[in-house]
*Asks:* 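Quick one: structure below, then a few questions.
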Amino acid sequence: MRKRTVVAAAFVGTVALGTGVGVWASSGGDGGAGDGSARQSSSGRVAETGGAATPSASSTGRSYPLSPAPRTIPAVRSHTAARGPGWRPQKADRVVVSDGELAGAGELVAGELGLTYAGQKDDVRAGDVRLALGGGGGNQESYTMTVRDGRVDISGPGEAGVFYGTRTLKQEVHGGGTAPEGVVRDEPAKPVRGFMLDIARKPFSESWIEDRIRELGDLKFNELGLHFSDDQAFRIESTSHPEIVSKDHLTKAQVKKIVDLANSRHITVVPEIDSPGHLGAVLAAHPDLQLRNASAVATKGAVDISKPAAAKLVDDLLNEYAGLFTGSQWHLGGDEYQALTVKDPQASYPQLAAAARQKYGSGGTVADLTTGWLNDRAATVRAHGRTMRAWNDGFYRGTSVQAAKDLQAAYWTGKELGARQPVEYLSAGRKLVNYNDEFLYYVLGQPQTFVYPTGQRIYEQWSPLVLRGTTAVPASYDGQVLGGTFAVWCDFPDAQTEDQVAAGIRMPLRATVQKLWDPGKPPLSWLDFQQLSAKLG
């Protein structure tokens, strides 16, 4: 083993898998343990792991303390400490892969650490970083990283997990120069770790979005939501309906680059064409489809769902963009349909009431018709093999027509008409994604009661089970809460520049992913977390 820089820190970070409890405790130079490795326990004590003893001195005669836990964002779930110099990149080192599918991850981390990407190799050399698939059919986002004998081995059952292992290695090197000796075993608590961007109200540049994808990938986020259609604009090129596209928009070629970059970081781009509300930009080119009340007054952003041409137009768009956004997830919108915010929808919109009775019988209501619209759009997207979600206020209470059972609820508010607690959705078996607007909504201009969220508040008070307000739902529903999404909404698009948005969401994003990776109490104080973030860049 080549001589490497000694790990000088004599601290053991304590992170227990699944608990998120952390303590930093002095190891007293030799760690007080008789063998060369130790397991970090949730009590803060160093626990013997058994097995063969590892010498406390290297071939150079140097004695090493037990290695410190990696300092990363999000924090790793488990680290088995060991004695040794760790791994520090040197120019002659290689990144090699055992499986060709990992070439992209190998090339990326080699470039980031200034190493040579040597491709698929079976030989072993000092200084190697080796990426490999293996470990059975467990969590595809899990990985094991072993730093031993001057080498790094990262393996996992899926490509995503191996990629996340390279993100941990990158942070270790950038944060302290050396990956500490020992074994990291890591996996996320939640399968949905998202960031959503409203590009309909504010046209973010392709380069800004790509920069966010790189940032999200390094933080182990796995979704990027794009809300690209609303009352203000329609922001992506369309061949089926070019008349609806706003002047300032992304071309399909640009979107493909965004999707390809996201895929390389194991991030699914989740498109949203909101309907039957928030369609103002589409309706500007199709005024005949605008919803009007009994007095012929237009209803803002609302399409007349009694007209078959309205369904055809939206389905045209859904089918078209299914070929552009190739990921497994889709957002159908479904929120704030203004026809249902009036006192008597049946009287205010007699054409909708008549269509509801025709479709669902004499007891059919406007809410039934709206739920049927959502289900029909879901059928269109389902045919493309997607998993779908809709805003929670698109699920209506007391209707004879029920929203499709495979629709996930994007729970953002408890302030809608007839507001329901999250438990009402959960107890019915519905799966939820947490978009809690009191913690996770960054609304430009801070309209109404919104204030820019702080990373500290998310870090110290929020968890995936806090779906509405500040109160968590019972832990028995944990399996139905799939994760969460931090969202940027651009109600007042000129309130901040792109650079200001990037700076404003920096710490909230890091706090959010920490709690999605491990919902327990974080191992670091907020001050230490901030300092670590600054160190990692």
Side-chain angles (χ1 to χ4, degrees), residues 190-194 196 222-223 225-227 229 268-279 303 305 310-311 314-315 317-319 321-322 325 327-337 339-340 356 359-360 364-414 416-437 440 464 467-468 473 477-485 487:
K190 291 299 179 182
V192 175
R193 304 179 302 281
M196 194 227 76
N222 64 0
E223 283 191 1
L226 289 182
H227 177 91
S229 169
T268 298
V269 181
V270 185
E272 182 194 355
I273 300 175
D274 203 347
S275 80
H278 293 283
L279 281 172
V303 70
I305 60 176
V314 174
D315 283 347
L317 297 171
L318 295 174
N319 286 320
Y321 290 110
F325 295 100
S328 61
Q329 307 295 314
W330 199 281
H331 202 314
L332 292 167
D335 65 316
E336 298 180 328
Y337 188 49
L340 291 170
K359 190 170 183 178
Y360 300 113
T365 65
V366 174
D368 288 325
L369 192 69
T370 308
T371 303
W373 168 279
L374 185 65
N375 286 343
D376 289 345
R377 307 294 73 75
T380 299
V381 174
R382 190 182 296 112
H384 295 282
R386 305 298 200 267
T387 298
M388 299 157 294
R389 69 189 66 158
W391 298 114
N392 65 285
D393 52 332
F395 295 81
Y396 300 105
R397 172 191 277 165
T399 56
S400 61
V401 179
Q402 298 299 307
K405 292 187 181 298
D406 62 342
L407 277 179
Q408 299 168 359
Y411 197 97
W412 71 281
T413 184
E416 79 276 15
L417 198 67
R420 285 162 287 166
Q421 294 287 342
V423 168
E424 186 168 331
Y425 300 81
L426 293 164
S427 62
R430 187 81 58 185
K431 293 180 179 179
L432 303 188
V433 178
N434 190 329
Y435 290 74
N436 187 333
D437 65 343
L440 306 179
L467 284 151
R468 173 181 176 179
V473 299
Y477 292 117
D478 186 60
Q480 289 173 242
V481 180
L482 301 177
T485 296

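Values in this document were obtained by computation on a predicted structure and should not be read as measured data. Counting begins at 1 with the first residue of the sequence.
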*Asks:* Indicate yes or no: at least one non-hydrogen side-chain atom of Asp393 is less than 4.5 angstrom from one of Trp412.
*Replies:*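 Yes; the side chains approach each other to less than 4.5 Å.
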*Asks:* Can you name the one residue among Arg389, Lys190, Arg193 that meets salt bridge (Lys or Arg N to Asp or Glu O under 4.0 Å) with Glu223?
*Replies:*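 Testing each of Arg389, Lys190, Arg193 against Glu223, the sole residue satisfying salt bridge (Lys or Arg N to Asp or Glu O under 4.0 Å) is Arg389.
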*Asks:* Quick one: do Val473 and Leu432 satisfy side-chain contact (heavy atoms from CB on, under 4.5 Å)? Show the steps, please.
*Replies:* CA-CA 12 Å; Val473 299; Leu432 303 188; over 6 Å; no
*Asks:* I need the Leu374 CG to Leu332 CG distance, nearest 0.5 Å.
*Replies:*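 Taking CG in Leu374 and CG in Leu332, the distance rounds to 6.0 Å.
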*Asks:* Quick one, Asn434 with Leu467, criterion side-chain contact (heavy atoms from CB on, under 4.5 Å). Give me CA distance, side-chain angles, the key distance, then yes/no.
*Replies:* CA-CA 6 Å; Asn434 190 329; Leu467 284 151; 3.7 Å; yes
*Asks:* Less than 3.5 Å apart, any donor N or O on the side chain of Thr371 or Asp368 sitting next to an acceptor on the other?
*Replies:*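 There is no such pair (donor and acceptor under 3.5 Å, judged by atom type) between the side chains of Thr371 and Asp368.
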*Asks:* For His331 and Tyr435, work out which heavy atoms get closest and say how close.
*Replies:*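 That closest heavy-atom pairing would be CD2-OH, 3.8 Å.
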*Asks:* Under 30°, 30 to 60°, or over 60°: which ring-plane class applies to His227 and His278, parallel, tilted or perpendicular?
*Replies:*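 If you compare the ring of His227 with that of His278, the planes turn out perpendicular.
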*Asks:* Between CZ of Arg377 and CG of Asp315, what distance do you get to the nearest 0.5 Å?
*Replies:*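 Arg377 atom CZ to Asp315 atom CG measures 4.0 Å (nearest 0.5 Å).
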*Asks:* How long is the straight-line distance from OG of Ser229 back to CG of Leu317, given to the nearest 0.5 Å?
*Replies:*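 It is 7.5 Å, given to the nearest 0.5 Å.
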*Asks:* Does a side-chain heavy-atom distance below 4.5 Å link His384 with Asn319?
*Replies:*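 The answer is yes, as the side chains (C-beta and beyond) meet within the 4.5 Å cut-off.
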*Asks:* Return the CH2 to CD distance between Trp391 and Glu272, rounded to the nearest 0.5 Å.
*Replies:*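 With rounding to 0.5 Å, CH2 (Trp391) is 5.5 Å from CD (Glu272).
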*Asks:* Do Pro271 and Tyr321 come close enough that some side-chain heavy atom pair is under 4.5 Å?
*Replies:*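 No; the side chains remain at least 4.5 Å from each other.
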*Asks:* Show the nearest heavy-atom pair for residues Gly334 and Pro276, with the distance to one decimal.
*Replies:*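 Shortest heavy-atom contact: CA-CD, 4.4 Å.
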*Asks:* Any donor and acceptor pair, going by atom type alone, linking the side chain of Asn392 with main-chain N or O of Ala409 inside 3.5 Å?
*Replies:*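 Judged by distance alone, no pair lies under 3.5 Å.
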*Asks:* Looking at Asn375 and Gln402, would you say the former's side chain and the latter's main chain have a donor-acceptor pair under 3.5 Å?
*Replies:*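 Such a contact is found between Asn375 side chain and Gln402 backbone.
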*Asks:* Are any side-chain N or O atoms of Arg386 and backbone N or O atoms of Ala322, one a donor and one an acceptor, separated by less than 3.5 Å?
*Replies:*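 Yes, the answer is positive, given that a donor and an acceptor are paired below the 3.5 Å cut-off.
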*Asks:* Can you check whether Met388's main-chain N or O pairs, donor with acceptor, with Asp406's side chain at less than 3.5 Å?
*Replies:*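 Absent.
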*Asks:* Quick check for you: to the nearest 0.5 Å, what is the distance between Gln408 atom CD and Trp330 atom CH2?
*Replies:*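 Reported value, rounded in 0.5 Å steps: 15.0 Å.
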*Asks:* Return the minimal non-hydrogen interatomic distance between Ser427 and Tyr477, and the atom names on each side.
*Replies:*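 Closest approach of Ser427 to Tyr477, heavy atoms only: CB-OH, 3.7 Å.
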*Asks:* What are the two closest heavy atoms between Leu407 and Ala403, and how far apart are they?
*Replies:*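 Taking Leu407 first and Ala403 second, the nearest heavy atoms are CD1-CB, 4.3 Å.
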*Asks:* Let me see the working for Leu226 and Phe325 under side-chain contact (heavy atoms from CB on, under 4.5 Å), right down to the final yes or no.
*Replies:* CA-CA 10 Å; Leu226 289 182; Phe325 295 100; 4.2 Å; yes
*Asks:* Looking only at atom types and distance, does a side-chain atom of Arg430 sit under 3.5 Å from a main-chain N or O of Ala428, one as donor and one as acceptor?
*Replies:*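 Answer holds: no.
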*Asks:* Using the side-chain contact (heavy atoms from CB on, under 4.5 Å) rule, take Thr485 and Val270 through it: C-alpha gap first, then chi angles, then the decisive distance, then the call.
*Replies:* CA-CA 11 Å; Thr485 296; Val270 185; over 6 Å; no
*Asks:* Is Thr380 close to Val314 at the side-chain level, that is, under 4.5 Å between some pair of heavy atoms?
*Replies:*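 No, their side chains stay 4.5 Å or more apart.
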*Asks:* Quick one: closest heavy-atom pair of Tyr337 and Val303, and the distance?
*Replies:*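 Taking every non-hydrogen atom into account, OH-O, 2.7 Å.
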*Asks:* Which heavy-atom pair separates Ala367 from Thr399 by the least distance, and what is that distance?
*Replies:*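 Scanning both residues, the minimum pair turns out to be CB-CG2, 3.5 Å.
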